[in-house]
2 protein chains.
Amino acid sequence: MSQHRHPGAPGSAGAVPALPDLPEATVARLPEYLRALHNLADGGHETVSSEGLATAAGVNSAKLRKDLSHLGSYGTRGVGYDVALLIEQIESVLGLTQRRAVALVGVGNLGHALAGYDGFASRGFRIAALFDADPARVGEEINGLVVRHVDELSRVAAEESIAIGVIATPAAAAQPVADQLVAVGVTSILNFAPCVLSVPEGVDVRKVDLAIELQILSFHEHRKASLTALPATGGSALTALPGGLAANDSQEAIGT
Amino acid sequence: MSQHRHPGAPGSAGAVPALPDLPEATVARLPEYLRALHNLADGGHETVSSEGLATAAGVNSAKLRKDLSHLGSYGTRGVGYDVALLIEQIESVLGLTQRRAVALVGVGNLGHALAGYDGFASRGFRIAALFDADPARVGEEINGLVVRHVDELSRVAAEESIAIGVIATPAAAAQPVADQLVAVGVTSILNFAPCVLSVPEGVDVRKVDLAIELQILSFHEHRKASLTALPATGGSALTALPGGLAANDSQEAIGT
DNA sequence: AGGCGCTTGTGAAGGGGTGCACAAATCGCG
DNA sequence: CGCGATTTGTGCACCCCTTCACAAGCGCCT
């Protein structure tokens, strides 16, 4: 995660539009709030209480209030939050007022699916270009976009003013591709390749590794199995499960 | 993230094989170490220093040492860690000694790609069954597996002794599918649908939302753009940059 | 055998995040 | 106009995690 945080502006505090310098954990939750808010808006709700929005987003209500307070708090005590206004606020903070152009590199198994994923388009992004190193794949049309050779990356990226690069190549190809993206000026990368990317300072990389997610689940599965296997260790209330399962009330570890 | 933490075994501590009750943050990093270790092993290395493994895994060396110390520390001072031994250790802790069976529900755009993703098979998992609710997709063969109707889930899951369920359905279908998985006894779920799942206690859910990842990147992109746009805010050492464009000085956040 | 350099393992300090609990604020109603 | 119900915003304490810094341990070389 983030390491050095600039100490913070001394006392100047001009009329800066909105650079609240949010805590990273808050930033990671805002998109979830946004999704829940859109759901509520579609359902006809005009206002929500922190409690309502919190459960819709799967978090604690106190946490949600604190998160929202960081971005200026547009709630009304005794009433709740104005759904439309809050959507506007969050989208503004997340920089979603402009639809950002995304370049996807690697149109293999996973990349192909990503190229066709409509969740991107519906949530503020536009897949602007597809690239692959395999000549056999160049020229193929996916979702109205033609796959180009990765050598054209620098030219096309400039034309389309790419803001974010998505890497869905095999691990071996990921680093060179990242270097190319950085060279073109891309400063945000979403990496699906199972490897560590080395990028210059100022470039953000987020990694999604599907196998890792499964392995984390495997650990918990393993632990649960061990626990039930030897019921001798006192404590744990779940040993007493009668026939069925406890009513759903908690929720779980969403990867931070 | 995780909420219920069993208070911890009182004082019994028998000769339990290995239930070190690792910190969640450590668990989330172990798979990354494992991947790096396999790379090293393939490269012919027999031992690694914490520094070497740390950079290969993209983390701080102190953090890595502390992580490994939690699981019993099989390193040798002055030398480093035995690669093969450490692999064995981590795989054991993660419960990867047995190849766990995974059921994938929802063979749409993304699900199709997941079904064909070889990263699962090569890292300890076996996709044992595919399901979909759309009759048009039932019967299709993907990677040697036939897509079955979701109604058969309970029967097939029992036969294959499914350990983990992966949900790749549209958001609206995710909750019913999760309920079915839970009913069959699945206690670990990986959810790709953009919605919050409600599950009983004892069931672990991890969520992967691709749009959310992009939105987090968008925030940082937005922030970086705002920073370079207005160099007026006092303090910050980057005002003194001569030419203009603030040389890269901030940093990147690799998702935790 | 002894000493030296290297690397691990860990105590302690610091930062960040979470959740409780409550004061402050707003609305609606009598 | 005042009061009570409701809900936000936040001070505070706690806990987890990260990071530094260093002592302890190990191998190698002389």
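Just so it is clear: chains get the letters A, B, ... in the order the sequence lines come, proteins before strands, and each one is counted from 1.
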Rounded to whole angstrom units, what separation is found between the [atom1] atom of [X] and the [atom2] atom of [N]?
| X | N | atom1 | atom2 | answer |
| --- | --- | --- | --- | --- |
| B:Leu53 | C:dT8 | CG | C1' | 13 Å |
| A:Leu64 | C:dG19 | CG | P | 12 Å |
| A:Asp67 | C:dG16 | CG | C1' | 13 Å |
| A:Leu86 | D:dT7 | CG | C1' | 15 Å |
| A:Glu24 | D:dC17 | CD | P | 17 Å |
| A:Lys66 | C:dG19 | NZ | P | 10 Å |
| A:Glu46 | C:dC27 | CD | P | 16 Å |
| B:His70 | D:dC16 | NE2 | P | 11 Å |

Report yes if at least one side-chain N or O of [X] is closer than 4.0 Å to OP1 or OP2 of [N]; otherwise report no.
| X | N | answer |
| --- | --- | --- |
| B:Tyr74 | C:dG9 | no |
| A:Asn60 | C:dT18 | no |
| A:Ser49 | D:dT7 | no |
| A:Thr76 | C:dT26 | no |

Item checked: From B:Leu30, B:Leu34, B:Val27, residue fulfilling side-chain contact (heavy atoms from CB on, under 4.5 Å) relative to A:Gln215 -> B:Leu34
Item checked: Candidate list A:Asp209, A:Leu114, A:Ile167, test side-chain contact (heavy atoms from CB on, under 4.5 Å), partner A:Phe192, passing option -> A:Leu114
Check: If you find the nucleotide of DNA chain C closest to A:Arg29 and the one closest to A:Arg65, which residue's nucleotide is nearer the 5' end?
Finding: A:Arg29
Notebook entry, point to check: Quick one: does B:Arg100's side chain have a donor or acceptor within less than 3.5 Å of a partner on B:Gly95's backbone?
Noted result: yes
Check: For B:Asp67 and B:Thr26, does a side-chain donor sit closer than 3.5 Å to a side-chain acceptor?
Finding: yes
Checklist line | Distance-only donor-acceptor test (3.5 Å): side chain A:Arg77, base D:dT8 | finding: yes
Check: Any donor-acceptor pair under 3.5 Å joining the side chain of B:Lys63 to the base of D:dT19?
Finding: no
Check: Which of these nucleotides, D:dC17, D:dT19, D:dG27, is closest to any side-chain atom of B:Val79?
Finding: D:dG27
Next item on the list: For a side-chain hydrogen bond (donor to acceptor under 3.5 Å, both in side chains) with B:Ser188, tell me which candidate from A:His220, A:Glu221, A:His222 qualifies.
Entry: A:Glu221
